[in-house]
Number of protein chains: 2
Amino acid sequence: MSQDHKTHGSSIVLTERGLGQLLTALAPQQTLSKGETKAIIDLDPRVAQYAPRTVINSQGDQNDTTYFVYSGWGCTYVDLPDGSRQIADFQLRGDIIGLRADGATWEESFHAISEMIVLELSTKDINAALGAAPKLAIRFLFALARKSAIRGEHLVNIGRRSASVRLSHLLLELGARLEAVGLAGPEGYDCPLTQHDLADALGLTAIHVNRMLRELRQSDLLSFRNGKVVFPNPEAVASFAHFDGDYL
Amino acid sequence: MSQDHKTHGSSIVLTERGLGQLLTALAPQQTLSKGETKAIIDLDPRVAQYAPRTVINSQGDQNDTTYFVYSGWGCTYVDLPDGSRQIADFQLRGDIIGLRADGATWEESFHAISEMIVLELSTKDINAALGAAPKLAIRFLFALARKSAIRGEHLVNIGRRSASVRLSHLLLELGARLEAVGLAGPEGYDCPLTQHDLADALGLTAIHVNRMLRELRQSDLLSFRNGKVVFPNPEAVASFAHFDGDYL
DNA sequence: CGAACAGTTGAGCGCGTTCAACCATCGTGG
DNA sequence: CCACGATGGTTGAACGCGCTCAACTGTTCG
């Protein structure tokens, strides 16, 4: 527990070889070529570890950092003047956070939910490197397009679906994303989220999330207790939630 | 009035010089260099015109097209099994739609609200060209990052704000985006949206949008009648809606 | 042992919905 | 030319989903 993990995380020193291994694990959707891996390593990324429930980057910070998630759960969100919070997306292994135009402001905060290990790179350096590594730029483009599709699905979810469907859909999405990086099976997964986190992602209150979870449990659609999400009947929930993972 | 404008639009033939002019108008946020413009022209884009209220691209279509908006208003949305609709974003002059990984499916529909003129390019061709034109790839990356930020703000809007604030926020956002491309002043703009469109973007019903518009009009915050949005007191609405255009 | 935090359950309220009319405008065809 | 249907907008009444307020339980950590 470093003295400054709240804003900077504790730094971990890795050999170049270790970094390469991290990176191969970082691109689950699309394997990086050797050249691409090298392009990132040349940027001299910092590997940082953050304790659970710490802020990694706060909205409005003039912070020039882009993050790659190696392990743990995080979320990007915005705090509102009235004290409420909206989570835009959860950040899991392999996700990229904060990629943007050099100089553009970053209007969301980034928070570690469980303990996280992330790669930190200078956004400016990345932008410079992308010019020389077009293949890498395209990969980032597609990663961003995927993230954008996920946000689109969240919009549909919050805008047009009932609370119980909304909740099941999100838990199914997280399951599918975790499965893609080998952290879940079709029957369930470990989930460090609180009911409050879920509420903030779904535009609900924690109290109502609680009631919906009970309802879903009682209808044998899914159960979320003690940090474990379980789908007793995967087809049944998917159909109930109108979940189709093609957008992922 | 082509016989097939419903799915394909009527094609317009332009000289290379005309295309160049179109493109300079297309990148309002960031001026394209000559080389970049040429890279796009080399892709042999098709200029198409769509009648108001026609579908340009339907969700699930195996369509390999990326669109650039030259003029008019459109929206990307998804239709749900129960007949409701969620608009993810409105598409205005200069916006890019449908950029994605080669082969990735496109889970949203694209609809012309007013008459639209758009550039159509093969996504595959774009992907190929980006490899050779890294600068262009970075521009697209940033355009996408901006779109992603807009979606994030829409999530906040739908998830955590009351109907009247939500509505004002969206109308302010559209105003700011139009202003950036020279189609609006701070005091208002022409808007071809129906109350139903607004409802579908905001996760509300058209009936409630109607009531909120009346409320906002009566409190002198904004008026939207006969296709014109007017802000009698721009500072007052912005403060009421907690609108800060930095994310745009 | 007590404080802090997450989860649980109940009662009642209110925002936004649904259902139902009705009006205004516009393009069309008899 | 006017009748007509279609579309978008407007208003009222009542319902209900999800919220607020409040109390209580369970667990973890100092």
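This structure is a prediction, so every number in the text was calculated from the model and none was measured. Just so we're on the same page: letters track the sequence lines, and every chain starts at 1. Excluded from the calculations below are hydrogen atoms, water molecules and symmetry mates; all remaining heavy atoms, backbone and side chain alike, are included.
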Nearest heavy-atom neighbours spanning A:Pro186 and A:Glu179: CD-OE2, 3.6 Å
From A:Tyr67, A:Phe90, A:Trp73, residue fulfilling ring pair (Phe, Tyr, Trp, His ring centres under 6.0 Å) relative to A:Phe110: A:Tyr67
Any A:Asn210 side-chain nitrogen or oxygen under 4.0 Å from OP1 or OP2 of C:dG7: no
Shortest non-hydrogen contact between B:Arg160 and A:Leu204, atoms and distance: NH2-O, 2.9 Å
Contact interval (first through last nucleotide) of DNA chain D with protein chain B, 4.0 Å heavy-atom: D:dG9 to D:dA13
Close approaches to DNA chain D from residues 73-82 of chain A, in residue order (heavy atom, under 4.0 Å): none
Closest non-hydrogen atom pair between A:Ala143 and A:Ile96, with its separation: CB-CD1, 4.0 Å
Pairs meeting criterion salt bridge (charged side-chain N to carboxylate O under 4.0 Å, His left out) with involvement of residues 64-76 of chain A, two or more places apart: none
Axis-to-axis angle between the two ends of the helix from C:dC1-D:dG30 to C:dG30-D:dC1 (five base pairs per end, rounded to 10 degrees): 30°
Non-neighbouring partners of A:Arg85 that pass salt bridge (charged side-chain N to carboxylate O under 4.0 Å, His left out), sequence neighbours left out: A:Asp197, A:Asp200
Cut-off 3.5 Å, no hydrogens considered: what does the side-chain donor-acceptor table look like for residues 230-248 of chain B, sequence neighbours left out?
from: B:Asn233; atom 1: OD1; to: B:Glu235; atom 2: N; distance (Å): 3.4
from: B:Asn233; atom 1: OD1; to: B:Ala236; atom 2: N; distance (Å): 3.3
from: B:Asp244; atom 1: OD1; to: B:Asp246; atom 2: N; distance (Å): 3.1
from: B:Tyr247; atom 1: OH; to: B:Glu173; atom 2: OE1; distance (Å): 2.9

B:Asp89 and B:Lys147 ion-paired at < 4.0 Å: yes
Note: A:Arg151-A:Glu108 ion pair, threshold 4.0 Å (strictly below): yes
Summary of salt bridge (charged side-chain N to carboxylate O under 4.0 Å, His left out) pairs that have at least one residue in residues 67-80 of chain A, sequence neighbours excluded: none
Residue pairs, two or more places apart or on separate chains, that pass salt bridge (charged side-chain N to carboxylate O under 4.0 Å, His left out) and touch residues 214-223 of chain A: none
Under 3.5 Å between N/O atoms: give me all the protein pairs with nucleotides 16-20 of chain C, atom names plus distance.
from: C:dG16; atom 1: OP1; to: B:Ala163; atom 2: N; distance (Å): 3.1
from: C:dT17; atom 1: OP1; to: B:Thr205; atom 2: N; distance (Å): 3.1
from: C:dT17; atom 1: OP2; to: B:Thr205; atom 2: N; distance (Å): 3.2
from: C:dT17; atom 1: OP2; to: B:Thr205; atom 2: OG1; distance (Å): 2.8
from: C:dT18; atom 1: O4; to: B:Arg211; atom 2: NH2; distance (Å): 3.2

Side chain to side chain contact (heavy atoms under 4.5 Å, CB included) between B:Ile113 and B:Arg53, intermediate numbers included: CA-CA 5 Å; B:Ile113 292 172; B:Arg53 301 292 162 184; 3.3 Å; yes
Strand contacts (DNA chain D) in residues 217-232 of chain A, 4.0 angstrom heavy-atom criterion: none
Salt bridge (charged side-chain N to carboxylate O under 4.0 Å, His left out) contacts in which one or both residues fall within residues 221-232 of chain B, not counting sequence neighbours: B:Asp190-B:Lys228
CA sep, side-chain torsions, deciding dist, call: B:Leu92, B:Val181, side chain to side chain contact (heavy atoms under 4.5 Å, CB included): CA-CA 9 Å; B:Leu92 308 174; B:Val181 294; 5.6 Å; no
Which residues share a side-chain hydrogen bond (donor to acceptor under 3.5 Å, both in side chains) with B:Ser219, sequence neighbours left out: none
